[in-house]
Amino acid sequence: MEGKSSFSAPTTAIPETDRRLFLAFIGILLVAGAGALFFDQPLWIALPLAMVGLAVLAVDWRWVYYVLLFTLAFSVEIPLLGGLSLDVPSEPLMLVLVACFGVNMLLGRAKVPRRFWVHPLVIIIGLALLWSMVATLVSVDTVKSIKYLLAKTWYIIPFVFVTLLIVRRPKDIWGVVACHVAGATLTAVYAFVRHAGLGFSFDGINPAVLPFYKNHVAYAATISMLLPYALYGARRPELSSFWRWLWRGAFVMLLLGVFFSYTRASMASLPLAIGFYFIVRWRLTRVVLVAVAIATAAGTFYFVNQNNYMLYAPNFEKTVFNGEDFGKHLQATYNLEDLSGMERVYRWVAAGHMISDRPIMGSGPNTFYPEYKRYTVSSFRTYVSRNPEKSTTHNYFLLMLAEQGIPGFLLFTILVVTALLMVERLYHRSQSVEHKRIVLAAGLSLFIITAHLLLNELVEVDKIGSFFYIALAILMRAESWIRDENVALED
């Protein structure tokens, strides 16, 4: 039972000393961030974070986790030497959490139950990370691949294992979720006000979301994946009217943000998520996944057979960006004349040639750019094919195939499929409305993220990848609660 958890964190009210330490932590972050911006020197962040990281090892280091989740929405990317980058303050905070987790595990102050270490989701995550290490050995750019491995490690430990330690009761989930929902809602208000000043124009959304989001896609994906949590968070019966209206307000603000983001993938993901809800209710997840697999295989065979994909090469002169009119943008998408859509095809064709060249090992993690340029087909070139922003495939599944070969692709696909099937299984095993809502919130959020992965590569984006892994951790925790619930009913 969860009441016998081996995690030693206190369950009583947070002591006043810890509150003061928390406020000091926030103050140091603000001063360091101001110094980094004023002097244009990101190293300002390093020293205070290191000091705080050492200090929290001796007290309740859960505060770091909550601060990380709240500040995720405000993190910005800072370029480093060698073409690398760092998301500040999120990635430094992840490193602090990795250190806290490791030290407390070694000292026996925290313990992840064995059932989680041997859980299928954790095993698949571990195998995927192991394969990434193998692929790094033959990578075309070892430095970039090692950075990927390090980043993946400080994503998995905080958002999977620390989440498993923090979340011990259903109530804990809503505290975790509320941190990111609050931060994301504030950024949505910020973007909404700025966008209103630009007349809510289609070409005004990208500048409106700066500096907290690189573009409107990252912004829309972040707020859309939080909508299920805001929806079910507002429906909890134990909430006071004040908190219920706060959750509802966050839901409305996030929904407005998605609508005015003019992001096709995010707008489409919401009705698809509603469809997934009924698929879960009607126990059709396996059927739908098999149908998707068959359709994907048939489509792949059609396009590859006799080079049929060449029939869909765009007209260079007609493929333009309709930034002044979202309606024309949608029409161009339908006519295969949209600039961003056809640039995706340009990358997908290059990825296909990369896969045929190195089907097993791939080019190595985090190496698609600029490696793909050797495999492009000029017939699919567009006005933005120079790719100054150094983006990748705009399809995470293809990216895994190109960079980590068939094994890497299969492991990631199996992880997603296992999690989606788990959502259906847990939903129907539970007799508790509370547990069902938790499973649906995490499952629908995971589905929305997965839908975005078909047109983008977002698992490595801190604001989104964090909740990809948190959703997996929540499902694992929910599974243990539902198992205990069923045992109690049998007794």
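For the pair F412/Q404, no side-chain contact is recorded, criterion being any heavy-atom separation below 4.5 Å from C-beta on. Counting heavy atoms from C-beta outward, M94 and D462 have side chains that approach closer than 4.5 Å. L186 is listed as a side-chain neighbour of F70, based on a closest heavy-atom distance under 4.5 Å. Side-chain atoms of V459 and Y469, non-hydrogen and from C-beta on, do get closer than 4.5 Å to each other. When side chains are defined from C-beta on, P170 counts as touching W481, because their heavy atoms get closer than 4.5 Å. Within the 4.5 Å cutoff, the side chain of F251 has heavy atoms near those of the L227 side chain. Taking the side chain as every heavy atom from C-beta outward, Y229 and L226 approach each other to under 4.5 Å. Under the 4.5 Å side-chain criterion, counting only non-hydrogen atoms from C-beta, L289 is in contact with L421.
The aromatic rings of W247 and W174 stand perpendicular to each other, their planes meeting at an angle above 60°, with 30° marking the opposite boundary. Using bins of under 30°, 30° to 60° and over 60° for the plane-to-plane angle, the ring pair F447/F276 lands in the parallel bin. Note: Y369 and Y372 have tilted aromatic rings, judged against thresholds of 30 and 60 degrees for the angle between ring planes. Ring pair F278/W282 is tilted by interplanar angle, where 30° to 60° counts as tilted.
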Given L121 and M422, is the side-chain contact (heavy atoms from CB on, under 4.5 Å) satisfied, shown in steps?
-> CA-CA 10 Å; L121 293 180; M422 190 175 173; 3.7 Å; yes

Do E479 and H119 pass the side-chain contact (heavy atoms from CB on, under 4.5 Å) test, and can you show the C-alpha distance, the side-chain angles, and the key distance before you say yes or no?
-> CA-CA 10 Å; E479 183 178 47; H119 194 280; 2.6 Å; yes

Step by step, work out the side-chain contact (heavy atoms from CB on, under 4.5 Å) result for L446 and V416.
-> CA-CA 9 Å; L446 183 66; V416 172; 5.9 Å; no

After noting the C-alpha distance and the side-chain angles of K144 and S139, does the key distance pass the side-chain contact (heavy atoms from CB on, under 4.5 Å) rule?
-> CA-CA 9 Å; K144 282 188 174 182; S139 172; over 6 Å; no

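The line from CG of L415 to CD1 of I123 is 12.0 Å long, rounded to the nearest 0.5 Å. The CZ atom of R286 lies 6.0 Å from the CD atom of E424; values are rounded to the nearest 0.5 Å. Here the OG1 atom belonging to T136 is positioned 12.5 Å from the NZ atom belonging to K147, to the nearest 0.5 angstrom. Going from atom OH of Y65 over to atom CG of L97 covers 8.5 Å, rounded to the nearest 0.5 Å. Atom OH of Y66 and atom NE2 of H180 lie 15.0 Å apart (nearest 0.5 Å). Between atom OG1 of residue T71 and atom NZ of residue K463 there is a gap of 9.5 Å, rounded to the nearest 0.5 Å.
Figure legend: cation-pi geometry between K436 and Y427, with NZ or CZ positioned under 6.0 Å from the six-membered ring centre and within 45° of its axis. Relative to the six-membered ring of W117, R114 misses at least one condition, a distance below 6.0 Å or an angle of at most 45° to the axis.
Between the side chain of S266 and the backbone N or O of T263 there is no donor-acceptor pair closer than 3.5 Å. No donor-acceptor distance shorter than 3.5 angstrom exists from the side chain of D87 to the backbone of S90, with no hydrogens or angles considered. Checking side-chain atoms of R194 against main-chain N and O of V209 turns up no donor-acceptor pair under 3.5 Å. Side chain of T163 to main chain of I470: no donor-acceptor pair is present (N/O by atom type, distance under 3.5 Å, no hydrogens or angles). Of the possible donor and acceptor atoms, none in the side chain of T413 sits under 3.5 Å from a partner among the backbone N and O of L410. Formation of a donor-acceptor pair under 3.5 Å by the Y190 side chain with backbone atoms of L210 is found in this model. Distance alone, capped at 3.5 Å, places no donor-acceptor pair between the R358 side chain and the I355 backbone. Side chain of D141 to main chain of T367: no donor-acceptor pair is present (N/O by atom type, distance under 3.5 Å, no hydrogens or angles). Although no hydrogens or angles enter the test, the distance criterion places a donor-acceptor pair under 3.5 Å between the side chain of R344 and the main chain of L455. The main-chain N or O of H353 is never found under 3.5 Å from a side-chain atom of D357 such that the two would form a donor-acceptor pair.
A478 and I438 make their closest contact through CB-CG2, 4.5 Å (heavy atoms, listed as atom of the first residue, atom of the second, distance). The shortest non-hydrogen separation linking A234 to R248 is CB-CG, 3.9 Å. Shown here for S269 and H452, the closest heavy-atom pair between the two residues is OG-CE1, 3.5 Å. Of all heavy-atom pairs between L149 and M133, the closest is CD2-N, 3.8 Å. In this structure, V76 and P211 approach most closely via the heavy-atom pair CG1-O, 3.3 Å.
Residues E460 and Y396 have side chains that bring a donor and an acceptor to within less than 3.5 angstrom of each other. For E389 and S391, the side-chain atoms include at least one donor-acceptor pair closer than 3.5 Å. A donor-acceptor contact closer than 3.5 angstrom links the side chains of Y213 and T187. Using modelled atom types, one finds no donor on one side chain facing an acceptor on the other under 3.5 Å when comparing S363 with E371. Side-chain N/O atoms of T285 and R425 include no donor and acceptor closer than 3.5 Å. With no hydrogens or angles considered, no side-chain donor-acceptor pair links H394 and E343 at under 3.5 Å. Side-chain N/O atoms of E91 and W154 include a donor and acceptor closer than 3.5 Å.
When the shell of 6.0 Å around NZ of K171 is examined, it contains 12 or fewer heavy atoms from other residues, nucleotides or ligands. Within 6.0 Å of the CH2 atom in W348, the count of heavy atoms belonging to other residues, nucleotides or ligands exceeds 12.
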